[in-house]
Amino acid sequence: MKTLVTGGAGFIGSTLVDRLQAEGHEVDVLDDLSTGSLGNLAEARADRTHRLRFQQIDVREDQIVDLIARRAPEVVYHLAGQVDVRASVARPAHDAALNIGGTVNVVEAARVAGARKVVAAVSGGAMYGEVPPRQLPAKESQALAPTSPYGVSSRVAVDYLAMYRRLHGLEFTALALANVYGPRQSPHAEGGVVATFAHRLLTGEPCTVYGDGEQTRDYLYVDDAVDALVRAAGRGDGLVVNVGTGVQTSVNELYHLMAVTAGVSRPPEGAAAPPGEVARSALDPTRAAIQLGWRPWTTLEEGVGRVFNWLKHTT
Ligand SMILES: NC(=O)c1ccc[n+]([C@@H]2O[C@H](COP(=O)([O-])OP(=O)(O)OC[C@H]3O[C@@H](n4cnc5c(N)ncnc54)[C@H](O)[C@@H]3O)[C@@H](O)[C@H]2O)c1
């Protein structure tokens, strides 16, 4: 299969690139390297059997349309975007330009290129917003009530994908991802709390827990998320599919697990809760099981252990 990955130098994108290459697919990567890096693609670029093509470009550029048409991919994976809830609250126009404008550009390019399908990653937690506790884990039928610009841009990206399917017959699957963590996630970006805690616990810096720390998230290991992306190339047409574990873990519980793993007994520091963040989040993976044959398999303990190992070998 000929594939193209936008945001392929990022955390999730580069893990997807490695998996696609390992399965023998042709891979083109488009990325502006704003948060991603060529270092993330080092293994993929060293593979002499399956040549990786890389182009540094902003997905908002008009040239994207011609470029993708020339590459003529069968499946376009769209992962270029900004992931930070707090950044979206601080700079909503930037978030919209990138996460909505960039998506429209890529979907239009996929249409012009005659691609069979676009598989896009959006934020499940941000898109559903504050879900009443008894309705958690959220199903895809959950009313959308985003509480941040990032949640709105996820929702609008899905609207564009659905509209392109109706108007032009371009197939799509939108994967509503939970909180993905794993090796290559930047410890310096907001939102990647596992990466941030792991880095700080290893370097002896204090960790900050916002609010009372009882806010919950659904932590999903990156290999499990990538498996859903790969499956979506051939399944789940025309659907939003939740990709999460369905399990809520509070930030306090996460800190405790990670501190014990790192052998640190110091408690975290506290800070005021930032605006825009939801109190509880978890995604029901039933549809993913039915439509994609997907289930998460990595436990939080295993995944956290791999993050520590990776950090120890890279820093
Ligand atoms: N990490 C998560 O928990 C999570 C959860 C839900 C959805 N997502 C979505 O998955 C995608 C990938 O997230 P990630 O965690 O790997 O983040 P990331 O920041 O590591 O990856 C994003 C990649 O996109 C690139 N990029 C950013 N703006 C670009 C632009 N204008 N043009 C071209 N490339 C650009 C960056 O350089 C980077 O390589 C994002 O769209 C994000 O919204 C992530």
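Every number for a ligand or one of its atoms is a count from 1 in the order of the listing. Residue numbers start at 1 and run along the sequence shown. Since this is a predicted model, take the numbers as computed values, not measurements.
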Student: Identify the closest protein heavy atom to atom 1 (N) of ligand 1: which residue and atom is it, and at what distance?
Tutor: I12 CD1, 3.8 Å
Student: Check ligand 1 against V122 and write out every atom of the ligand that is under 4.0 Å from a heavy-atom position of the residue.
Tutor: 6 (C), 7 (C)
Student: Would I57 count as a contact residue for ligand 1, given that I'm defining contact as a non-hydrogen atom of the residue lying under 4.0 Å from a ligand atom?
Tutor: yes
Student: Among T35, N105, V222, which residue places a heavy atom closest to atom 38 (C) of ligand 1?
Tutor: T35
Student: Which heavy atom of the protein is the closest neighbour of atom 12 (C) of ligand 1, given with residue, atom name and distance?
Tutor: L79 O, 3.3 Å
Student: Polar-atom distance check: G124 versus ligand 1, any N or O pair below 3.5 Å?
Tutor: no
Student: Pick, from G36, G81, G13, S186, the option with the minimum heavy-atom distance to atom 22 (C) of ligand 1.
Tutor: G81
Student: Report yes or no: does S154 have a heavy atom closer than 4.0 Å to ligand 1?
Tutor: no
Student: Would you say G102 touches ligand 1, if touching means a heavy atom closer than 4.0 Å?
Tutor: no
Student: Please report whether the ring centroid of F172 lies less than 6.0 Å from that of Y164.
Tutor: no
Student: Does an N or O from L30, backbone or side chain, lie closer than 3.5 Å to an N or O of ligand 1?
Tutor: no
Student: Looking at side-chain heavy atoms only, is the closest gap between T147 and V278 below 4.5 Å?
Tutor: yes
Student: Would you call R295 and D227 a salt bridge, using N to O less than 4.0 angstrom?
Tutor: no
Student: Any idea which heavy atoms bring A9 and F54 closest together, and the distance?
Tutor: CB-CE1, 4.4 Å
Student: Would you say ligand 1 has an N or O under 3.5 Å from any N or O of N179?
Tutor: no
Student: How close do Y150 and V83 get, counting heavy atoms only, and between which atoms?
Tutor: CE2-O, 3.6 Å
Student: Quick check on contacts: which atoms of ligand 1 are under 4.0 angstrom from a heavy atom of A9?
Tutor: 39 (O)
Student: What protein heavy atom sits nearest atom 21 (O) of ligand 1, and how far away is it?
Tutor: G10 CA, 3.6 Å
Student: Suppose we measure from atom 28 (N) of ligand 1 to each protein heavy atom; which comes out shortest, and what is that distance?
Tutor: S34 OG, 3.5 Å
Student: Examine the side chains of T249 and R217 and answer whether a donor and an acceptor come within less than 3.5 Å of each other.
Tutor: no
Student: Check Y221 against P183 and note the closest heavy-atom contact, atom names and distance.
Tutor: OH-CD, 3.3 Å
Student: What are the two closest heavy atoms between Y210 and Q215, and how far apart are they?
Tutor: O-NE2, 2.8 Å
Student: Taking 4.0 angstrom as the limit and counting only heavy atoms of L98, give me the atoms of ligand 1 inside it, by number and element.
Tutor: 28 (N), 29 (C), 30 (C), 31 (N)
Student: Test your reading of the structure: does S37 have an N or O sitting under 3.5 Å from an N or O of ligand 1?
Tutor: no
Student: Looking only at distances, please establish whether an N/O atom of ligand 1 is found under 3.5 Å from an N/O atom of V180.
Tutor: yes
Student: Is it true that K139 and T286 share a donor-acceptor pair across their side chains at a distance under 3.5 Å?
Tutor: no
Student: Side chains of L254 and L300, heavy atoms from C-beta outward: is any pair under 4.5 Å?
Tutor: yes
Student: Under a plain distance cut-off of 3.5 Å, with no hydrogens placed, do T245 and D218 share a side-chain donor-acceptor pair?
Tutor: yes
Student: Examine ligand 1 and decide if any of its atoms is less than 4.0 Å from a heavy atom belonging to Y150.
Tutor: yes
Student: Which protein non-hydrogen atom lies closest to atom 31 (N) of ligand 1, naming both residue and atom, and how far is it?
Tutor: D58 OD1, 2.8 Å
Student: Is there any N or O on L177 that sits under 3.5 Å from an N or O of ligand 1?
Tutor: no
Student: Would you call R86 and E277 a salt bridge, taking side-chain N to carboxylate O under 4.0 Å as the test?
Tutor: yes
Student: Thinking salt bridges, do E171 and K117 make one under a 4.0 Å N-O criterion?
Tutor: no
Student: Which of these, L38, L41, D31, has its nearest heavy atom closest to atom 39 (O) of ligand 1?
Tutor: D31
Student: Of all the atoms in ligand 1, which lie at a distance below 4.0 Å from a heavy atom belonging to V59?
Tutor: 30 (C), 31 (N), 32 (N), 33 (C)
Student: Using the test side-chain hydrogen bond (donor to acceptor under 3.5 Å, both in side chains), find all partners of E214 that sit at least two apart in sequence or belong to another chain.
Tutor: N252
Student: List for me each residue that meets side-chain hydrogen bond (donor to acceptor under 3.5 Å, both in side chains) alongside T103, sequence neighbours excluded, and say none if there are none.
Tutor: H78
Student: Report, in ascending order of atom number, the atoms of ligand 1 lying under 4.0 Å from any heavy atom of S123.
Tutor: 6 (C), 7 (C)
Student: Is any NZ, NE, NH1 or NH2 atom of the basic residue among E74 and R116 found under 4.0 Å from an Asp or Glu carboxylate oxygen of the other?
Tutor: yes
Student: Among all protein heavy atoms, pick the one closest to atom 5 (C) of ligand 1 and tell me residue, atom and distance.
Tutor: A178 O, 3.3 Å
Student: How close does the nearest protein non-hydrogen atom get to atom 44 (C) of ligand 1, and which residue and atom is it?
Tutor: V83 CG1, 3.6 Å
Student: Looking at atom 15 (O) of ligand 1, what's its closest protein heavy atom, distance included?
Tutor: F11 CD2, 3.5 Å
Student: Taking only heavy atoms of L33 into account, list the atoms of ligand 1 that are under 4.0 Å away from them.
Tutor: 37 (O)
